[in-house]
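Scroll down for the structure; my scribbles are underneath it.
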Amino acid sequence: MHSGILQAINGVSFAALLFLLASGFTLSFGLMRVVNMAHGAYYLFGGYIGLTITRHTGSFALGVLGGGLAVIPLGYLIDRFLIRRTGENHLAQVLLTVGIAFVLGDVALKIWGGDSLKVPTPIELRGAIELPGGIIYPTYRFALIAFGVFVGLSLWLLYRKTQIGAVVRAGVDDREIVSAIGINIDRLFVLVSALASFLAGMAGVVGGAFLTLYPGAEWEILVYALVVVIFGGLGSLEGAMIGALIVGLLDAYGRWLLPEFSYFVLFGPMAILLLFRPRGIFGREG
Amino acid sequence: MSVPLLRVADIHTYYGDSYVLQGVSLTLQKGQIAAILGRNGMGKTTLIRSVAGLTPPRAGEITYRDMSLRGKQPYAIAQAGISIVPQGRRIFRSLSVRENLLLPTSVLARSSKGRNGDEPGQRWDFDEVLKEFPQLAERINHLGGSLSGGEQQMLAIGRALMANPELILMDEPSEGLSPRLVLQVQAIMRRLRARGHAILLVEQNLELALSVADEVYVISAGQFVFQGAPAGLANAAQVLDQHLGVSGAKMV
Ligand SMILES: Nc1ncnc2c1ncn2[C@@H]1O[C@H](COP(=O)(O)OP(=O)(O)O)[C@@H](O)[C@H]1O
Ligand SMILES: [Mg+2]
């Protein structure tokens, strides 16, 4: 019984992390039609930079912010000078951005080495919380859930309730007409792409504090983020939320109940879902 | 005559290798309506897209007031005062009616330098657009995709007006509308003209086009085969028969 609840918390907190990464990925696809497989590398880079900042300043919050901010110029340059050349060719985008991810991974290996590194968390988040019923669970994971909910809510409000959000949604509907009614869509792309980079970089720091950072971590997390996006529907923010919860919970219960089949527990339901809803839960046709 | 509002001079427009507009020229004065008629696939939408900057011509010149539109992005052309009511409406289906209307007024759509062209009579705002289209006011919080075809057409026109254009490009606004709604579209075009807006109108509804236009052009295979006053076209039996598929007798 207790373990069941523990797994639920595990799953939801992992979901919070996955949402940070998947939301940016899915928004940039929805608006710009770009599949950016370097998102995992943004996560790793942001994480390492946040780690360095946290070590030097002693502030985890600064680390999270700095890790996110540092990825923005990186993402901008990659968008502007590399991805833009691929036009709407998704295969070219995938190959290009996988290549970029490998390069970034090597650069990170050179700078931060091959050991697995843990972002130091502030003292207040290091302990554990005792829940009614005698369940003890790390404080950090609860803070992560709160952070994920906060970011999710902010993004949702931005996307659904503001005029900038309406412009982004309009761009998802019909980019050409958005520009024909007087909106500089390139400027919008830069904004959304910066937001996606920021979220991925932040996710790296937040995730690096409990999953640690190491060469290859970018691909592991990317696979999860892709499954989230496939579950939820490419391009849908609400889909990324629901998808993250499903994947987080499936992963947690899979590892607990069927440890030998934990990947199957993730990919099996995904395959079944795709049979019935090829565009995911919130996916749209067209 | 003063400088025309829009001058299209011998434009040639392609989609890849396919050569669509083969030397098209027209001029449109402030507050006038020019109607382009022609059968499907003749290049009417391509002309609209050329002016809007969506498919820029490969040769020739388009001038708006005294500004060349060559190399201008669609958003810059829109900000200069040209709005589009595209074929098939293309309203934003997942946005509410309110959001659709307000989009052209968002910070991202505001040009850094103000336009000098607006005249008091052309000033549109949210309230005034809703007054013009009462059926939109009733459905203000509905999603664009849930509207009927007629409501979507009104929304597409309202959205264009929210940018306070001086020139409106309308691509088959009567397509698929009931006769009653076609009359509403006709009344709107007349009101817009009275308020000083110029309209470049693409239509397949001959009667509608002739009833509102100051000048009529007939396009066939990317070239104009007729240009003149509406009355002139009504008498050009050969053009009507060959390029519009109406026999002269039916017109009277
Ligand atoms: N995006 C496109 N790519 C290639 N050819 C196109 C495209 N759009 C239109 N065409 C072709 O250009 C010609 C003119 O089309 P269009 O301007 O849409 O005609 P109209 O609006 O008069 O019906 C047609 O032969 C059409 O098939
Ligand atoms: Mg057409």
Side-chain angles (χ1 to χ4, degrees), chain A residues 26-27 29-33 80 84 87-89 155-195 232-240 279-286, chain B residues 45 48-56 72-112 115 143-145 152 155-165 168-169 171:
Chain A
T26 206
L27 283 182
F29 178 83
L31 181 64
M32 295 164 271
R33 306 267 134 197
R80 175 80 181 65
R84 184 167 296 187
E88 302 247 309
N89 183 339
L155 278 183
W156 186 84
L157 287 173
L158 181 69
Y159 192 59
R160 289 284 161 200
K161 300 290 169 199
T162 70
Q163 206 159 52
I164 297 275
V167 176
V168 176
R169 280 178 284 131
V172 173
D173 272 1
D174 192 333
R175 277 195 288 176
E176 191 173 68
I177 295 302
V178 167
S179 62
I181 64 170
I183 289 170
N184 184 345
I185 197 122
D186 283 336
R187 205 183 294 169
L188 186 63
F189 285 4
V190 171
L191 284 179
V192 171
S193 160
L195 181 64
L234 254 174
S236 160
L237 183 68
E238 287 84 355
R279 290 178 191 278
I281 298 169
F282 284 85
R284 2 187 310 154
E285 55 311 337
Chain B
T45 297
I48 296 268
R49 293 180 60 86
S50 298
V51 176
L54 297 170
T55 311
K72 290 257 188 314
Q73 296 278 327
Y75 78 87
I77 292 174
Q79 289 181 358
I82 302 179
S83 281
I84 185 170
V85 179
Q87 182 163 25
R89 292 102 194 195
R90 292 176 72 173
I91 56 150
F92 302 108
R93 305 181 62 82
S94 60
L95 266 59
S96 68
V97 170
R98 180 194 306 277
E99 287 173 327
N100 265 282
L101 287 174
L102 289 177
L103 218 56
T105 67
S106 85
V107 275
L108 285 165
R110 230 160 276 154
S111 67
S112 41
R115 281 211 323 274
L143 289 187
Q152 290 192 0
L155 180 54
I157 299 174
R159 181 179 66 184
L161 293 180
M162 287 296 290
N164 270 306
I168 306 169
L169 312 171
D171 199 345

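Sequence lines set the chain letters: A, B, ... in the order given, protein chains first and strands last, and positions in each chain run from 1. What you see below is based on every heavy atom in this structure, not just the backbone, and it leaves out hydrogens, waters and symmetry mates.
Between Glu238(A) and Arg169(A) there is no salt bridge, since none of the side-chain N atoms of the basic residue sits less than 4.0 Å from a carboxylate O of the acidic one.
Among pairs with a residue in residues 81-91 of chain B, those fulfilling salt bridge (charged side-chain N to carboxylate O under 4.0 Å, His left out) read Asp174(A)-Arg90(B), Glu176(A)-Arg90(B), at least two apart in sequence or across chains.
Both the backbone and the side chain of Val178(A) have a heavy atom closer than 4.5 Å to some heavy atom of chain B. The contact between Pro86(B) and chain A is made entirely by side chain atoms (from C-beta outward), counting heavy-atom distances below 4.5 Å. Using a 4.5 Å cut-off between heavy atoms, Leu103(B) contacts chain A through both its backbone and its side chain. Proximity to chain A is absent for every atom of Ser83(B), based on heavy atoms less than 4.5 angstrom apart.
Scored by the side chain to side chain contact (heavy atoms under 4.5 Å, CB included) test, Thr55(B) finds Thr13(B), Tyr15(B), Arg49(B) as partners (sequence neighbours excluded).
If you check the side chains of Gln163(A) and Ser106(B), you find no donor sitting under 3.5 Å from an acceptor.
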